Protein chains: 2
Amino acid sequence: MERSLRLEHQICFQLYTASKELTRLYRPILAPLNLTYSQYLVMLVLWEEDGIDLRRLGSRLTLDSGTLSPLIKRLIQIGYVEKSRAIDDERKIVVYLTERGNTLREQASDVPLQVSGMLNIDEATYVAYMEMLTDIKTRLHDFGERQREQ
Amino acid sequence: MERSLRLEHQICFQLYTASKELTRLYRPILAPLNLTYSQYLVMLVLWEEDGIDLRRLGSRLTLDSGTLSPLIKRLIQIGYVEKSRAIDDERKIVVYLTERGNTLREQASDVPLQVSGMLNIDEATYVAYMEMLTDIKTRLHDFGERQREQ
DNA sequence: ATAATTTAAATTGTGCACAACTTAATTGTT
DNA sequence: AACAATTAAGTTGTGCACAATTTAAATTAT
């Protein structure tokens, strides 16, 4: 186990930079769609679950209302989504795709392929990496559980 | 290769959330040291290379002056570092540890152990994960090289 | 030597990310 | 039914992260 304070030996630092650099790769790809990376993630969720409420959207992306409220406001301004109160629960805000938001899906359909092409990564490696990341998150959640038990 | 638009299948999303959640784990650990996560990364570099110039600091952390200038200003306010112009090149800003900044190193020395304990990860897995993350970054850099060649 | 180019920081502006707080609707309790 | 507790969004404030621009110093070319 690496217990020194050397920057390059910290797994957190490697995760942090890998994430930042991969996000940087997305920027020029998403620019023509007029989306930031975070906005793209929100659109991914909406293309799966149109009419999702803000709370559920936040739990899927691990983002709170402080991040999502202004972000959704910007997506509304661009014209990709709309929001309204839920009929069954007036506290909830439900987010919908507009016509343009739906059309955008087709324009975005080749983004994943473009990115994996840039990464030049084979199927087996890709799967292994996904498993590693899932495992890291599982360990983090397990720790959270252990904490809550005490 | 995952080429669909499903959120959970995107390696970028898994990296992004893993990084965010691991950073969240650091917050309560770093709070007693009066440091944010990014400030902690800067301190890690300074504990390795005291008197580093801002440009080199930025290249080690992949951060530009727009992020580092105000961040260093805050570290100066706290009293952990000081800055001055380089004597050989007046354009360069050199960052130094103060007495307190040096003392902090000992207080921070058990942070990596605390974190790996929370992750509950064994040596072999840790090393494998570090290699994967390094590999992802290598692929990203390789793509950058290929781009520059054209 | 002087002008043009390059380099290093700082600044400005935008958009996350999150903690802390506010407001309003819903649910639970008595 | 009336009150308390909980829940959902929104708001405010702080601190990154980064693009684009500015300012000043150093380097290079002429």
Side-chain angles (χ1 to χ4, degrees), chain A residues 12-13 15-28 30-31 34-43 52-78 80-81 83-95, chain B residues 12-13 15-28 30-31 34-43 52-78 80-81 83-95:
Chain A
C12 64
F13 173 67
L15 261 178
Y16 161 83
T17 44
S19 174
K20 273 204 313 177
E21 289 175 30
L22 188 50
T23 305
R24 196 188 338 268
L25 199 67
Y26 275 81
R27 258 189 287 275
L30 296 178
N34 207 9
L35 288 176
T36 65
Y37 179 71
S38 303
Q39 289 166 3
Y40 171 68
L41 294 182
V42 167
M43 294 305 289
I52 196 175
D53 67 87
L54 218 61
R55 169 128 184 81
R56 177 157 165 73
L57 182 60
S59 85
R60 287 200 61 185
L61 298 172
T62 43
L63 291 173
D64 69 2
S65 64
T67 304
L68 281 178
S69 290
L71 193 157
I72 295 295
K73 199 183 283 181
R74 276 173 222 117
L75 286 178
I76 292 170
Q77 280 165 358
I78 303 172
Y80 290 154
V81 308
K83 71 175 182 181
S84 65
R85 293 269 161 201
I87 27 168
D88 59 311
D89 188 338
E90 288 281 322
R91 290 171 304 183
K92 290 185 180 170
I93 287 285
V94 182
V95 186
Chain B
C12 63
F13 173 66
L15 260 178
Y16 161 82
T17 46
S19 174
K20 274 204 313 177
E21 290 175 31
L22 188 50
T23 305
R24 196 189 335 270
L25 198 69
Y26 274 81
R27 257 189 288 274
L30 297 178
N34 207 9
L35 288 176
T36 66
Y37 179 71
S38 302
Q39 289 165 3
Y40 171 66
L41 293 182
V42 168
M43 294 305 290
I52 196 175
D53 67 89
L54 217 61
R55 169 130 184 81
R56 176 155 166 75
L57 182 59
S59 84
R60 287 201 61 184
L61 298 171
T62 44
L63 291 173
D64 68 3
S65 64
T67 303
L68 282 178
S69 290
L71 193 157
I72 295 295
K73 199 181 283 181
R74 276 172 222 117
L75 286 178
I76 292 170
Q77 279 165 359
I78 302 171
Y80 291 155
V81 307
K83 71 175 184 182
S84 63
R85 293 269 162 200
I87 26 169
D88 58 312
D89 187 338
E90 287 282 322
R91 290 171 304 181
K92 289 187 183 171
I93 288 285
V94 183
V95 185

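Here is how names work: the chains are called A, B, and so on, in the same order as the sequence lines, proteins then strands, and each is numbered from 1. Since the structure is predicted, the reported quantities are computational estimates derived from the model, not experimental observations.
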Q. Is any NZ, NE, NH1 or NH2 atom of the basic residue among A/R91 and A/D89 found under 4.0 Å from an Asp or Glu carboxylate oxygen of the other?
A. yes
Note: for B/E21 and B/S69 on DNA chain C, the residue whose nearest nucleotide lies more 5' is B/S69
When rounded to whole Å, the OH to C1' distance for the pair B/Y26 and D/dC16 reads 17 Å
Rounded to whole Å, the CD-C1' distance (B/Q39 to D/dT14) equals 11 Å
Q.
Can a donor-acceptor pair be found, under 3.5 Å and without considering hydrogens, that links the side chain of B/Y37 to the backbone of A/C12?
A. yes
Item to complete: Would you tell me if any nitrogen or oxygen in the side chain of A/T36 comes within less than 4.0 Å of OP1 or OP2 on C/dC16?
Response: yes
Check: protein-nucleotides 5-8 of chain C nitrogen or oxygen pairs below 3.5 Å:
from, atom 1, to, atom 2, distance (Å)
C/dT7, O2, B/R91, NH1, 3.1
C/dA8, OP1, B/R55, NE, 3.3
C/dA8, OP2, B/R55, NE, 2.6

The nucleotide from D/dG10, D/dG15, C/dC16 with an atom nearest the side chain of A/S38 is C/dC16
*Under-4.0 Å side-chain N/O to phosphate OP1/OP2 contact, B/K83 with C/dA10*: yes
| If only side-chain N and O atoms of A/R74 are considered, is one of them under 4.0 Å from the OP1 or OP2 phosphate oxygen of C/dC16? | yes
Is it true that a side-chain atom of A/Y26 and a backbone atom of A/Y40 form a donor plus acceptor pair closer than 3.5 Å? no
Look at all strands and tell whether A/T62 reaches a base, only sugar-phosphate, or nothing, counting heavy atoms closer than 4.0 Å. sugar-phosphate
State whether the side chain of B/S19 and the backbone N or O of B/L15 hold a donor-acceptor pair below 3.5 Å, judged by distance alone.
-> no
D/dA17 phosphate, OP1 or OP2, under 4.0 Å from A/Y37 side-chain N/O: no
Note: for A/K20 and A/L68 on DNA chain D, the residue whose nearest nucleotide lies more 5' is A/L68
query: How would you label the contact of B/L63 with the nucleic acid (heavy atoms, under 4.0 Å): base, sugar-phosphate, or nothing?
result: sugar-phosphate
Less than 4.0 angstrom between a side-chain N/O of B/S65 and OP1 or OP2 of C/dT11, yes or no?
no
Rounded to whole Å, the CZ-P distance (B/R27 to D/dG15) equals 13 Å
